[in-house]
Amino acid sequence: MQSYPQTIDGQDCTIHFVVSSVDRWRFLEWVRQHAHRPVAVDTETTGLNYWTDDFRMRLVQFGTARTVWVLPVDRAEPWTQDHRQAVRDAFGILRHLVIHHARADVLFLARDMGMDPRRLWEVTTDTRILAHLIDPRGRDEGGIGHSLKALAASYVDPNAPDLAAELHAAFRAAGYTMSTGWARIDLRHPTYVRYSGGDVLLTARLYDRLAELVRARGQQRLADFEHTVARICAEMENRGFLVDVDYTCGLVDRLRAEEEAQTARARLFGVDSVHAPAQVAAALERMGETLTERTRTGAAKVDQAVLLALADRDHRWQRRGARDPNPLAEAVLRAKRAAKWRTSYADAILELHDAEDRVHPGIASLQARTARMAVSRPPVQQLPAGDHVIRRCFLAEPGHVIGSADYQAVELRVLAALSGDRRMIEAIHAGRDLHGYTASLIWGPEWTPYHRKLAKSVGFGKVYGGGAATLARQTGAPLADVERAVRAYDRVYPGVRRFSRRVVERARLGRPEVETVTGRILPVDRHRLYAATNYAVQSVARDVLAQALIDLDRKGLGEYLRLPIHDEIVFSVPRDEAHEIGREIADTMAVPDFFGVPLAAEVEIGGRSWGSLYEASDNAAAPAA
DNA sequence: ACCTTCACG
DNA sequence: ACGTACGTGAAGGTC
């Protein structure tokens, strides 16, 4: 057996690499001794795309704060067969696993080793979840971030050796690149083995620190909740979303043609790249346009809002008739939209689908500071909603249709519940159109759709913490109107104002954080204390959706779920029972009495493709091609 | 690495 | 004293 010494936090540790049958026997003996203790686990693989045929698990590591066992399990190497069985045996014996970012390793183990993911989740503590509960901030927001390296440097040992750098050097020395190294480096390479073992030592130690902190903060139940949510989201991800590959190929061609045609038009005005803001700005100024808006760094701003105004279009791309449209602005807008839609969505779908025509968008169930979920590769939470062409790429299962269930104005209702504002709560109970009602309170019975829109914006402004000036800029309404509406809003909903002030004042006078009714403690930046109200509301709305996922799973509806989208759940259900199951999903999501406020959910049933829910209506944007 | 832009709730 | 829009993922360009 090959063993490597390692020093962590001044303590001597050992990393064993399992080679012989005697090694395996010693490893399994160790596993039996640790059956009821927390054992950290990590895996190394050829890559991240676990759904591809060439995906392989390469190493599996088990360990504690002092000792690690590394087992080679690459199925491309016949000599690892017995080691693979030993790994399965070990998982059968161990009753408490500790994994950093378990979503990935559980998916890998299920795919490559045929492990039962449900059983793994039942016995796993995810240190990334614990870390997020202690500090949800990413690295770029003044927090530690949630990578194992950063967390270990902060909680375990700031001077732990940087084995990643050493490993990358080993890749290069062996003639591999950063991307090929993971798949090709020799399983026995000392640096690879030490790197893989080191992560387990760090995970085990990180667990000891974080578990104590979570206990001390009384967040054990919240941690259990998040593990269940993570398991359900991982199952959704593994199930994947069926895509229409033929349609998507055709769409790529159409978008590319549009992009090329519009890029050629822009070139006539001296713009080589429509993606270079400085070029676009210079060309527009040569045409006699005056650019007044500036970016943060003082450059002329030529974003979509600026270009739409120059092209005489509103935010839905409809002609306004206020001026002669600038043809360059028009071309740049169209070229950029086609490029965006192709590269971020259509190309990504073709790049990422598996042999069964399914994509497996990575669902980060606990991501934002507010705990909101994030979805990537492809970013299916952010597909264009004003047009059906991109969502048309996604299909229900054969014989199924796509449905969607979403909460009605959930953040506003959560705000009403948390603030206890009596008038707002009564309006919700009475089933009133909340924004229209607000408009009537401010402007009287003569209120117009313009007033309703303003009231709606002010409602969002309240949740976000924005002021009248920002609201005026965002809505395009005169500042005087907005100021009046904001003042009136505070008058008609005094409870909302009181709640907001209380949350912000607490963060200002005490620790700079907000505690949610779901038991989360969210840090607030000292220079952005106003954001505290939004955190309290957005985070709780996220927890409402997460609880809905758990309830749906418990009712056996999990197999239908495709995606969570903040206040919405997208599903695929058998055509014949679509309305019944859709109704059941929406009913399950609904919360009849959330701190005195009903949270209602609406369901929509479409056709075979997701795009069917977005076809021609009053919100249709101009076609892309 | 940073900036700008753009897609969503 | 006042006001600050909230939260993401991804791509292309520039330095």
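Predicted model, so just to flag it, every value in this text is computed and none were measured. First the proteins, then the strands, lettered A, B, ... as listed; each starts at 1.
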Next item on the list: Please name all residues satisfying side-chain contact (heavy atoms from CB on, under 4.5 Å) with A:Leu268, sequence neighbours left out, ordered by chain then number.
Entry: none

Notebook entry, point to check: Judged by modelled atom types alone, do A:Gln547 and A:Asp543 share a side-chain donor-acceptor pair under 3.5 Å?
Noted result: no

Margin query: Considering only residues two or more places apart or on different chains, which pairs with a residue in residues 560-570 of chain A satisfy salt bridge (charged side-chain N to carboxylate O under 4.0 Å, His left out)?
Written below: A:Glu397-A:Arg562

Notebook entry, point to check: Tell me the side-chain hydrogen bond (donor to acceptor under 3.5 Å, both in side chains) pairs involving residues 130-148 of chain A, sequence neighbours left out?
Noted result: A:Asp135-A:Arg137, A:Glu141-A:Arg369

Next item on the list: Give me the first and last nucleotide of DNA chain B, going 5' to 3', that has any atom under 4.0 Å from a heavy atom of chain A.
Entry: B:dC3 to B:dG9

Notebook entry, point to check: Can you check the A:Leu412 CG to C:dC6 C1' distance for me, whole Å?
Noted result: 14 Å

Next item on the list: Provide the closest heavy-atom pair for A:Cys393 versus A:Ile349 in the form atom of the first, atom of the second, distance.
Entry: CB-CD1, 3.7 Å

Taking distance alone, no hydrogens or angles, what donor-acceptor pairs closer than 3.5 Å link side-chain atoms of residues 469-488 of chain A to residues at least two apart or in another chain?
from, atom 1, to, atom 2, distance (Å)
A:Thr475, OG1, A:Leu471, O, 2.7
A:Thr475, OG1, A:Ala477, N, 3.2
A:Asp481, OD2, A:Tyr450, OH, 2.8

Item checked: NZ or CZ of A:Arg413 within 45° of A:Tyr407 ring axis and under 6.0 Å -> no

Next item on the list: Output all residues satisfying salt bridge (Lys or Arg N to Asp or Glu O under 4.0 Å) with A:Arg391, sequence neighbours left out; order by chain, then residue number.
Entry: none

Pair up each side-chain donor or acceptor in residues 496-504 of chain A with any protein partner under 3.5 Å, not counting sequence neighbours, and list the distances.
from, atom 1, to, atom 2, distance (Å)
A:Arg497, NH1, A:Asp490, OD2, 3.1
A:Ser500, OG, A:Thr533, OG1, 2.9

Next item on the list: Check each residue of residues 491-519 of chain A for a non-hydrogen atom within less than 4.0 Å of any atom in DNA chain C, then write out the ones that pass by number, or none.
Entry: none

Check: NZ of A:Lys462 versus C1' of C:dG3: gap in Å, rounded?
Finding: 12 Å

Margin query: For Watson-Crick and G-U wobble pairs within 3.5 Å on both distances, what is DNA chain C written in dot-bracket notation, | included for inter-strand pairing?
Written below: .....|||||||||.

Check: Does the side chain of A:Arg506 reach to within under 4.5 Å of the side chain of A:Val514, using non-hydrogen atoms?
Finding: no

Check: Is any side-chain heavy atom of A:Phe225 closer than 4.5 Å to a side-chain heavy atom of A:Ile550?
Finding: yes

Notebook entry, point to check: Could you run down nucleotides 8-14 of chain C 5' to 3' and tag each one B, S or - for protein heavy-atom contact under 4.0 Å?
Noted result: BBBSSSS

Next item on the list: Check the side chains of A:Tyr50 and A:Glu237 for a donor-acceptor pair under 3.5 angstrom, ignoring hydrogens and angles.
Entry: yes

Check: Can you list the residues that meet the ring-ring contact (aromatic ring centres under 6.0 Å, His included) rule with A:Phe394, with sequence neighbours excluded?
Finding: A:Phe241, A:Trp610

Margin query: Measuring only between side-chain heavy atoms, which start at C-beta, is A:Val540 closer than 4.5 Å to A:Phe594?
Written below: yes

Next item on the list: Could you check whether A:Ile390 gets within reach of a base, just the sugar-phosphate, or nothing at all, counting any heavy atom under 4.0 Å?
Entry: nothing

Checklist line | Closest approach of A:Leu284 to A:Leu328 (non-hydrogen atoms, all atoms of both residues) | finding: CD2-CD2, 3.9 Å

Margin query: Considering every strand and a 4.0 Å limit on heavy-atom distances, what is the contact class for A:Gly461: base, sugar-phosphate, or nothing?
Written below: base

Notebook entry, point to check: Could you give the OH-to-C1' distance, from A:Tyr464 to C:dG3, as a whole number of Å?
Noted result: 19 Å

Item checked: Neighbours of DNA chain B within residues 526-539 of chain A, by heavy-atom distance under 4.0 Å -> A:Gln538

